[in-house]
Amino acid sequence: MSVRVVIAGASIAGLSAAEALRREGFRGDIVLLGDESHAPYSRPPLSKQVLDGSWSPDQVTLRTPVEIRALGLDHRHCRATGLDLAAREIATTEGRLGYDALVLATGAEPTRPGAVPGVDRALVLRTLDDALALREAMSRPGRDVVVLGAGVLASEIATAARRAGCHVTLVGRSGALTVGTIGPLLTDRVATLHETNGVHLELAAGVRAVEDVAPVPGRSAATGTPRHRVTLGDGRDILADVVVAATGSRPRTDWLHGSGLPIEDGVLCDAHGRAAPDVHAIGDVARWMDPATGVSTRVDHQTSAIDQAHHVAQSIQGAPSPASPVPFFWSGIHGTRLQAYGTLPADIPLTILEESGGRALLASLDPRSGRTLGIIGWRAARAFRDARPLVDRDRQLAGAGAGTADSPGVRDVLPLP
């Protein structure tokens, strides 16, 4: 009797799990469920190369139909709607499907600010179709773009809009700029980067309402006419041709309610991605327990999704479990590459290891043990790469209950080139 693995979600996490299973020698059936009409594609370029027009939609496709068939996948364009753990069945828009092992990779969906009248007029960016619609909306230089949000997606959208020649206002609420797993720790640096590149920041203003307005007489046809009025929290108005909501995302777990799986801002998993017997979760929908900290974390980044997919494939095949994936993040804002590895608690000030020529290597050091919890590279790819083993070493020391990390390492990073 053939063993069947069902993977709910056909983005990079789900596809990576299928490929890793085949590499691990799995010969059973693999059913890949995806609710988009497109072939599986990579999401990070949507807010970068696709949005700024340097890539065509075809360039984000992960595998050709021939490559998908070569994996022996049963790729179904349908949506998961429910889960029965006792019966080991998943409900879909095409009917019920039994499984021997289940991988949840349904990702996340964008959210708009709650209780803000008219915010449904704002565009969002999550899918390929979203990216193409937003690119078209920002395609005329001189358009006024208001980005609601102060996270990394908001910063990437602002970057693409400035590259397209648009006037950009970024509206936040907390006063901070957050960047992936780095959180608000680089607010001042990222704010300066935006301002240097012509982005107007309203980081603590918040938004009260978004409404349509009549065209402004005499406005240049080259720039279009403002279509929206964005009212800030203090009552000031900003006219905009394009309003984009980049105010966060929520894991797509609605279909799992009532299933018995532990849900808390994602599917709660152990350090190996297990949420229940023979049920795993990976990618944006999953909260994995970090064995180094004991904290469950949801990492919304492609690299972590791929690492988790490989880890789960090995677990399904009964292979020895490797170390739990370490959080990794990267982004590009106005031509500046940011990279982060490890954990970066918001309450621990960053230590500058090296800084010169606009490049910097920073670290989060445990104030009690001195161990390197995480590192950040700011336009410093080589130094960041060389420092990553320090995080791995100190996580192993923490897991072994060893003493402080006073041995050479974090203070001996090579100077930036």
Side-chain angles (χ1 to χ4, degrees), residues 43-53 107-116 118-139 143-164 166-184 186-187 190-191 193-195 197-210 227-228 230-233 238 240-252 265 284 298-302 329-334 336 338:
R43 293 190 190 276
L46 300 185
S47 58
K48 304 175 183 69
Q49 296 94 333
V50 173
L51 194 56
D52 69 19
E109 58 191 4
T111 59
R112 291 180 170 89
V116 175
V119 77
D120 57 334
R121 294 175 171 86
L123 300 175
V124 295
L125 176 54
R126 182 68 187 183
T127 68
L128 176 57
D129 292 337
D130 291 338
L132 296 177
L134 182 54
R135 184 171 79 179
E136 174 61 25
M138 301 191 311
S139 62
R143 304 206 91 188
D144 293 316
V145 176
V146 173
V147 183
L148 308 179
V152 65
L153 180 60
S155 288
E156 291 176 349
I157 292 171
T159 297
R162 286 298 296 141
R163 183 169 179 175
C166 297
H167 306 294
V168 181
T169 300
L170 191 152
V171 180
R173 183 178 60 182
S174 68
L177 285 163
T178 59
V179 186
T181 58
I182 300 170
L186 294 182
T187 288
V190 177
L193 186 59
H194 276 307
E195 291 169 341
N197 284 275
V199 176
H200 177 67
L201 300 177
E202 295 281 357
L203 294 182
V207 59
R208 183 184 297 178
V210 179
R227 299 181 294 112
H228 309 290
V230 179
T231 302
L232 302 182
I238 303 175
D241 299 292
V242 182
V243 181
V244 191
T247 50
S249 63
R250 62 186 175 200
R252 297 179 65 184
D265 185 34
D284 301 349
R298 187 169 71 90
V299 180
D300 189 359
H301 197 272
Q302 176 170 287
F329 165 83
W330 76 271
S331 180
I333 301 174
H334 302 297
T336 292
L338 290 75

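As the structure is a computational prediction, the values presented were derived from the model and not from experiment.
Taking CD of Glu136 as the start and CG of Leu123 as the end, the distance is 11.5 Å to the nearest 0.5 Å. Arg208 contributes atom CZ, which lies 7.0 Å from atom OG1 of Thr231 (distance to the nearest 0.5 angstrom). For the atom pair Asp130 CG and Ser47 OG, the distance stands at 11.5 Å (nearest 0.5 Å). Atom CG of Leu177 sits about 6.0 Å away from atom CG of Leu201, to the nearest 0.5 Å. Here the straight-line distance linking atom CD1 of Ile182 with atom OG of Ser331 works out to 8.5 Å at 0.5 Å rounding. The CZ atom of Arg135 sits 14.5 Å away from atom CD1 of Ile157, with the distance rounded to the nearest 0.5 Å.
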Yes or no on side chain to side chain contact (heavy atoms under 4.5 Å, CB included) for Val146 and Val244, after CA distance, side-chain angles and deciding distance? CA-CA 6 Å; Val146 173; Val244 191; over 6 Å; no
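Under the 4.0 Å criterion applied to side-chain N and carboxylate O atoms, Arg298 and Asp284 are not assigned as salt-bridge partners. Taking the charged nitrogens against the carboxylate oxygens, Glu109 and Arg126 have no contact shorter than 4.0 Å, which rules out a salt bridge.
Counting heavy atoms from C-beta outward, Leu203 and Ser174 have side chains that stay 4.5 Å or more apart. You'll find the side chain of Arg121 stays beyond 4.5 Å of the side chain of Val243, heavy atoms only. Counting heavy atoms from C-beta on, the side chains of His194 and His334 come closer than 4.5 Å. Side-chain atoms of Glu202 and Leu232, non-hydrogen and from C-beta on, do get closer than 4.5 Å to each other. In this structure, Val299 and Thr181 have side chains that are in contact, with non-hydrogen atoms separated by less than 4.5 Å. Annotation: side chain of Val152 is in contact with side chain of Phe329 (closest heavy-atom distance under 4.5 Å). With a 4.5 Å cut-off on side-chain heavy atoms, Val242 and Leu134 count as touching. In this structure, Val190 and Ser155 have side chains that are in contact, with non-hydrogen atoms separated by less than 4.5 Å.
Here the shortest heavy-atom pairing between Val171 and Gly206 reads CG1-O, 3.7 Å. When all heavy atoms of Ala154 and Leu170 are compared, the closest pair comes out as O-CD1, 3.9 Å. When all heavy atoms are compared, the tightest approach of Pro44 to Gln302 is CD-OE1, 3.0 Å.
In this structure, the side chain of His301 engages the main chain of Trp330 through a donor-acceptor pair within 3.5 Å. Under a 3.5 Å cut-off, the side chain of Arg112 and the backbone N or O of Thr247 do not form any donor-acceptor pair. Side-chain atoms of Thr187 never come within 3.5 Å of backbone atoms of Ala176 as a donor-acceptor pair (strictly under, hydrogens ignored).
For Ala160, the side chain to side chain contact (heavy atoms under 4.5 Å, CB included) criterion is met by Leu51, Asp52, Met138, not counting sequence neighbours.
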